[in-house]
Amino acid sequence: MPAYKAPVEDVLFLLNDVFAIERYNNLPGFGDATPDVVEAIVAEGAKLCEDLFAPLNRVGDQEGCTRRTDGTVTTPTGFKEAYRAYVEAGWMGLSAPPEYGGQGLPTTLNTVMQEFVSSSNLALGMYPGLTQGAIAALVVHGTEEQKRTYLPKMVEGAWTGTMNLTEPHCGTDLGLIRTKAVPNGDGSYAITGTKIFISAGEHDMAENIVHLVLARIEGAPQGTKGITLFVVPKVLVGPDGALGERNGVSCGSIEHKMGIHGNATCVMNYDGAQGWIVGQENRGLNAMFVMMNEARLAVGVQGLALSEVAYQNAVTYAKERLQGRALTGPKAPDKPADPIIVHPDVRRTLLSIKAFNEAGRALLLWTSLKSDVAHRSGDEKERQSADDHMGLMTPIVKGVLTDRGFDNAVKAQQMFGGHGYIEESGMSQFVRDARIPMIYEGANGIQAMDLVGRKLGKDGGRAVMTFFNEVGAFCEENAGDEALKGYVAPLKEGLSQLQQATLWFMNNALAKPDNAGAGAYDYMHLFGLVAMGYMWAKIARAATDKKKLGNGVGERMDAKLLTGRFYMERMLPETGTLFTRIQAGSDAAMSIPVEMF
Ligand SMILES: Cc1cc2nc3c(=O)[nH]c(=O)nc-3n(C[C@H](O)[C@H](O)[C@H](O)COP(=O)(O)OP(=O)(O)OC[C@H]3O[C@@H](n4cnc5c(N)ncnc54)[C@H](O)[C@@H]3O)c2cc1C
């Protein structure tokens with residue numbers, strides 16, 4: 001059975017040494033997050049995931065969810081109890097506002113916990129994960145009454161949340177939504193329609209489910225400008241907050257799918273269900289974007305999380321499995337063969353996952369800290385700059401971390417040879433589970449289009465210029481440091497290619513949009529490589545400084561520096577290929593007639 005150990009040391013190194021979390025002490029919630037508190041929270045979260053969530057991962061995969069004839073859904077054995085333990089320990093409200101019962105701690109700590117949860121049991125973690133997204137949307141766009149009615153129960157974990165966008169004929173293009181809303185004359189609306197693929201749409205973990213639903217009010221304009229967001233509880237809530245009658249929403253069926261079997265993916269039928277507008281009429285996408293952006297980052301976390309757990313198991317196996325001899329002569333002469341970790345190709349595989357995981361985690365924590373600044377800083381300029389960063393990085397985190405997360409799960413499975421293909425190894429589940437984050441929350445091709453089509457040019461390119469300036473300044477400042485030469489020079493080269501690719505789009509995509517569409521995916525990955533290269537350079541800076549202080553951390557810091565060197569020498573140079581592909585433009589892709597496919 002696969003094992004999982006939460007990367008506590010790495011998280012603390014990133015928070016304390018690379019990003020100096022104490023610098024943010026002036027932000028609300030950070031004052032309470034002293035180094036001791038952070039360490040205790042991270043250790044406690046690790047324990048819950050290792051001891052309770054991870055052992056249920058396989059159970060969830062094998063049992064899946066069951067829909068009964070009365071429309072109720074039963075989750076796998078142990079899920080309900082594990083969820084209860086999670087909410088009773090206060091994890092749901094870790095960074096939620098204190099006025100609704102949350103602890104108000106940094107979102108960054110929640111991101112850390114999301115990683116541990118998703119590594120140990122992705123399917124189980126999605127139930128609270130979606131609830132946290134729904135909480136965020138209601139905090140920003142809910143009326144005071146809606147906040148009072150729903151948030152305390154959701155923060156407590158007694159009620160969970162969902163997001164209902166997708167319909168049978170409408171996925172990426174939400175302008176096609178048909179679910180309709182008719183005014184009831186009392187301020188509420190009757191919602192009718194079918195939503196599909198709704199994660200956690202029905203289950204047995206909570207006494208109520210708060211659905212956030214996109215629908216079109218009768219007579220509203222066609223397209224995305226006629227969509228409104230509604231809150232539709234599974235069980236109606238009385239004025240005193242007590243649960244009343246069942247609302248007209250039910251689970252028609254659940255999907256049988258490739259992975260995340262423990263999460264109920266539901267067809268939800270709305271049959272005149274009572275719902276209330278969240279935010280403004282016809283501005284539903286705007287309101288839903290709060291939840292979607294939260295969810296996109298959380299899905300990026302899922303990509304990293306599966307890469308991490310798959311890696312851990314691959315390393316254990318590679319140290320134990322005896323096959324062949326090292327090219328340079330036996331390394332375990334007392335044994336019939338050497339462990340496969342002696343082979344350069346096995347090391348290449350493992351290191352490419354490790355180097356991604358550590359930089360990916362850094363990128364996530366850096367972005368989460370910006371999210372905290374964007375939501376909590378009293379300084380408008382600071383908030384705006386952090387918000388720019390979030391907008392720019394969201395498609396990169398979602399698209400790159402989930403693409404690579406899946407690739408890495410496959411690579412880790414490869415380390416097991418044929419045994420990885422056998423279900424018992426557990427590696428197959430990681431591969432199957434890692435496939436969905438590339439698709440939901442906007443398929444990755446759409447993330448790339450969002451980056452190139454919307455984010456690059458936004459506010460005159462302010463966000464991307466800030467990123468270029470920051471990385472450029474880091475390279476300048478550290479150019480003279482001999483210890484960092486192997487990190488700074490390749491980063492500078494990667495940055496230059498990213499800048500040239502950006503310029504190429506400016507010169508070649510405005511008049512010919514297909515050039516943007518055809519190169520967007522490569523650009524997203526080029527950006528991701530450089531962003532993670534920057535993370536490695538920052539890690540190398542911190543590791544070099546920490547090594548000088550001694551304290552017995554030398555070996556751990558050497559491991560960082562060597563892994564970072566692998567990234568710089570073997571992974572970052574992929575930017576060259578991506579840049580070449582971008583410059584090829586769209587002609588080859590677009591000139592072939594449809595009938596020739
Ligand atoms: C397990 C699971 C859980 C899910 N959970 C939820 C949930 O909780 N709530 C919810 O609302 N939805 C959920 N979804 C739905 C999911 O978000 C959609 O499947 C996804 O957004 C893609 O929509 P689609 O399947 O209709 O694909 P389509 O929109 O039909 O797209 C098909 C392909 O075409 C590409 N494509 C489409 N348009 C363009 C374009 N303009 N440019 C370039 N490429 C394009 C896409 O990238 C994709 O690769 C879930 C799906 C699954 C499988």
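Start at 1 with the first residue, then count along the sequence. Every number for a ligand or one of its atoms is a count from 1 in the order of the listing.
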Requested in this report: Could you check Glu308 against Ser119 for side chain to side chain donor-acceptor pair (under 3.5 Å), going step by step and ending with a plain yes or no?
Outcome: CA-CA 7 Å; Glu308 172 67 34; Ser119 281; over 6 Å; no
Query raised in the report: For atom 17 (O) of ligand 1, is the nearest protein heavy atom closer than 4.0 Å?
Result: yes
Query raised in the report: ligand 1 and Tyr440, any nitrogen or oxygen pair closer than 3.5 angstrom?
Result: no
Report task. Could you tell me which non-hydrogen atom of Trp91 sits nearest to which non-hydrogen atom of Gln132, and how far apart they are? Result -> O-NE2, 3.5 Å
Query - atom 23 (O) of ligand 1: the protein heavy-atom neighbour that sits closest, reported with distance to 0.1 Å - result: Gly171 CA, 3.5 Å
Query - Of the listed options Leu165, Thr172, Thr166, closest to atom 22 (C) of ligand 1 (non-hydrogen atoms) - result: Thr172
Query raised in the report: For atom 2 (C) of ligand 1, which of Asn444, Ile436, Ile439 has the closest heavy atom?
Result: Ile436
Query raised in the report: So among Tyr270, Tyr189, Trp276, which one has a ring pair (Phe, Tyr, Trp, His ring centres under 6.0 Å) with Phe230?
Result: Tyr189
Query - Distance-minimising heavy-atom pair for Asn263 and Cys65 - result: C-SG, 3.8 Å
Requested in this report: Report yes if Phe197 has an N/O atom closer than 3.5 Å to an N/O atom of ligand 1; otherwise report no.
Outcome: yes
Query raised in the report: Of all the non-hydrogen atoms in the protein, which one sits nearest to atom 47 (O) of ligand 1, and at what distance?
Result: Ala443 CB, 3.3 Å
Query raised in the report: Measuring to protein heavy atoms, does anything land under 4.0 Å from atom 5 (N) of ligand 1?
Result: yes
Report task. Could you tell me whether Phe527 and Phe467 have their ring centroids closer than 6.0 angstrom? Result -> yes
Report task. Establish, yes or no, whether a centroid distance under 6.0 Å links the rings of Tyr523 and Phe505. Result -> yes
Query raised in the report: Hey, is Ser199 one of the residues with a heavy atom under 4.0 angstrom from ligand 1?
Result: yes
Query raised in the report: Which of the listed options, Met449, Lys257, Met163, holds the heavy atom that is closest to atom 9 (N) of ligand 1?
Result: Met163
Query raised in the report: Among protein heavy atoms, which sits nearest to atom 21 (O) of ligand 1, and what does the distance come to when rounded to 0.1 Å?
Result: Gly442 N, 4.1 Å
Query raised in the report: Should the heavy atoms of other residues, nucleotides or ligands under 6.0 Å from CG of Asp514 be counted, would the total exceed 12?
Result: yes
Query raised in the report: Would Arg432 and Glu423 pass as an ion pair if we require N to O under 4.0 Å?
Result: yes
Report task. Scan the protein's non-hydrogen atoms and note whether one is under 4.0 Å from atom 32 (C) of ligand 1. Result -> no
Query raised in the report: Does Glu441 come within less than 4.0 Å of ligand 1, judged by its heavy atoms?
Result: yes
Query raised in the report: atom 45 (C) of ligand 1: which protein heavy atom is closest, and how many Å away?
Result: Ile446 CD1, 3.5 Å
Query raised in the report: Hey, which of Thr160, Leu138, Thr149, Asn208 is the one that makes side-chain contact (heavy atoms from CB on, under 4.5 Å) with Met154?
Result: Leu138
